[in-house]
Amino acid sequence: MSDANGNAKSPTGDGKGKSPTGDGKGRSPGDGKATGPAGDGTNGVNPEKDLGASNLPGQRGDGGEEIRVQRGMFGANNGGDTSGYGGLVRSIRLPGPAGRPYGGWFDEVADELEGALEEQGLVPENAIDKTIVDRDELTFHIEREHLLQVARTLRDDPALRFELCTGVSGVHYPADKGRELHAVYHLRSLTHNRLIRLEVSAPDSDPRIPSLVSVYPTNDWHERETYDFFGIVFEGHPALTRIMMPDDWQGFPQRKDYPLGGIAVEYKGAQIPAPDQRRSYS
C-alpha cells in the first residue's frame, strides 16, 4: 500500500517500518522488557523460588537428616564402573523437622491435632515424633504405638475431619538404622479440602505397625500389599495374607536388600541372563 507520493506504508503503520502497535525498535507492545506468560517480567520463573535453593527435587544442601553417603551411581565398589559416574559422592538426606510457623493452614491443623490429643490426656510430643514441611506438603511422623489414636482423632475431630485415607505405601531405608521400614499414609479431608501425610517407622528386627483398617476400612488391601512387598506386619488386620506373590514366597521383593533373581529373557538369536547371573561390578 502506498500514499499519494508513492511511499510504501504498512496497512496500519506510519510508513517508517514500525509495527502496528510497537515503537519501531522491534519491541512488543508494552515497556520492551521480556515477560513471562503472565506478563510479569519473570520469563516464566516463579520469583519466590530460588533455582539454586534446596527446594529443587533431590537437593537439600546441608539441611535435613543424613542417613548415608552414596558413592558412584550404580553401587559398583571394586573400580569396574565404566559409566562415568564412579566418582560421584552424594549425601542422601531425609527432610528435617520444621519450625513454627509452618505457613497457611498447616499451623491450624497442627494446633487442632495437638489440642485434641491433649484433651484425650495424651501429650502431643509423645505421639508426634516430628512435623515436617517439605515441598509444600505437611507430614506428621507418628510413634507407632499411638498411630490408631492419632488417626481416629484426625478422622473424627470436627475441626480436622480427615475422612479418607487413600492408602498406605511402604518404603525401605536400609541405612536408616533402627527405623528401616516406613509406612506412609495420605489422608484427605473432604470437608476442608486438605491433604496431609502420616509416616510411621519400624526397625527391620521388629516390623510391626498397628493396622488402620478399623479406622479407615479402605486400607484393607493396601496393607496386604505393603505386607506382601515390604514385610511390614499390620497388627490387627482382619486377614493379613499375601495379595500379589504366592503364599509360599520367601522374602519381600521391594526391600532394598532383596537379592536379584529371575529367569533369562530370550530374544531372536540372543539370550539375556537373569539379573543374578549377569556381570557384576561389586
Side-chain angles (χ1 to χ4, degrees), residues 54 57-71 75 90-99 102 106 109-110 113-114 117 122-135 137-154 162 165-187 195-216 219 222-237 240 242 251-259:
S54 60
Q59 299 186 19
R60 301 192 188 278
D62 294 329
E65 179 182 358
E66 182 178 276
I67 59 173
R68 69 183 178 92
V69 175
Q70 177 173 317
R71 301 182 183 277
R90 179 169 179 251
S91 175
I92 306 300
R93 295 177 178 272
L94 299 179
Y102 303 140
F106 291 179
V109 169
L113 176 58
E114 292 174 4
L117 293 177
L122 178 60
V123 178
E125 290 77 11
N126 292 341
I128 304 172
D129 177 47
K130 56 186 173 181
T131 302
I132 290 176
V133 177
D134 187 59
R135 314 289 193 251
E137 296 177 333
L138 177 65
T139 304
F140 295 107
H141 282 246
I142 307 299
E143 298 291 349
R144 56 178 171 173
E145 60 268 24
H146 299 297
L147 176 62
L148 271 171
Q149 185 173 357
V150 171
R152 192 173 291 112
T153 301
L154 287 165
F162 286 90
C165 180
T166 60
V168 57
S169 301
V171 190
H172 188 212
Y173 297 105
D176 194 12
K177 299 304 181 184
R179 50 181 189 181
E180 292 87 356
L181 293 167
H182 292 232
V184 183
Y185 306 82
H186 292 85
L187 306 184
L195 181 69
I196 65 172
R197 183 187 293 114
L198 300 183
E199 189 163 339
V200 184
S201 62
D204 273 341
S205 58
D206 183 23
R208 297 177 297 108
I209 291 175
S211 170
L212 286 189
V213 173
S214 61
V215 181
Y216 296 109
N219 263 24
H222 293 275
E223 290 184 357
R224 285 181 59 192
E225 183 176 9
T226 305
Y227 160 72
D228 195 358
F229 288 147
F230 290 91
I232 297 176
V233 178
F234 293 94
E235 293 189 311
H237 189 284
L240 191 62
R242 290 191 182 272
F252 306 101
Q254 287 192 352
R255 288 197 185 187
K256 297 291 180 61
D257 54 3
Y258 186 79

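Counting begins at 1 with the first residue of the sequence.
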Side-chain contact, heavy-atom cut-off 4.5 Å: His172 with Leu181? yes
Run through Thr131, Val200, Asp129, Leu198 and flag the one making a side-chain contact (heavy atoms from CB on, under 4.5 Å) with His141. Asp129
For the student: nearest non-hydrogen atoms of Ala202 and Arg144, plus distance: CB-NH1, 3.6 Å
Taking all heavy atoms of Ser214 and all of Leu148, pick out the closest pair and write down the distance. OG-CD2, 3.8 Å
In Å and rounded to the nearest 0.5 Å, what is the CZ to OH distance from Arg152 to Tyr216? 10.0 Å
Does the side chain to side chain contact (heavy atoms under 4.5 Å, CB included) test come out yes or no for Leu154 and Ile196, once each step is laid out? CA-CA 10 Å; Leu154 287 165; Ile196 65 172; 4.1 Å; yes
I need the minimum non-hydrogen distance between Ile209 and Ala183, along with the two atoms involved. CD1-CB, 3.8 Å
Less than 6.0 Å separating the ring centroids of His182 and Tyr173? yes
Which distance, rounded to the nearest 0.5 Å, do you find between the NE2 of His237 and the CD1 of Ile232? 13.0 Å
Taking Arg208's backbone N and O only, do any of them form a donor-acceptor pair with Glu235's side chain (distance below 3.5 Å, no angle check)? no
How far does CG of Asn219 sit from CG of Leu212, to the nearest 0.5 angstrom? 5.5 Å
First locate atom CZ of Arg90, then atom CZ of Arg68, and finally report the distance between them rounded to the nearest 0.5 Å. 8.5 Å
Tell me if a side-chain donor or acceptor on Ser211 pairs with a main-chain N or O of Glu223 at a distance below 3.5 Å. no
Please round to the nearest 0.5 Å and tell me the distance separating atom OG1 of Thr166 and atom CG of Leu187. 7.5 Å
Note: Val133 and Ala98 closest approach over all heavy atoms is N-CB, 3.7 Å
Please report the closest heavy-atom contact between Phe252 and Tyr227, naming both atoms and the distance. CD2-O, 3.4 Å
State the OG1-CG distance between Thr153 and Leu117, to the nearest 0.5 angstrom. 5.0 Å
Report yes or no: does Arg242 contribute a side-chain atom to a donor-acceptor pair with the main-chain N or O of Asp228 at less than 3.5 Å? yes
Hey, does the side chain of Arg179 reach the backbone of Pro203 with a donor-acceptor pair shorter than 3.5 angstrom? no
So does Gly64 get a backbone contact from the side chain of Glu66, meaning a donor-acceptor N/O pair under 3.5 Å? no
Can you tell me if Thr139 and Glu199 form a side-chain donor-acceptor pair at under 3.5 Å? no
So does Tyr185 get a backbone contact from the side chain of Arg197, meaning a donor-acceptor N/O pair under 3.5 Å? no
Which heavy atom of Phe234 sits nearest to which heavy atom of Leu240, and what is that distance? N-CD2, 3.4 Å
Which one of Val123, Ile128, Val109 satisfies the side-chain contact (heavy atoms from CB on, under 4.5 Å) criterion with Glu114? Ile128
Looking at side-chain heavy atoms only, is the closest gap between Phe140 and Val150 below 4.5 Å? no
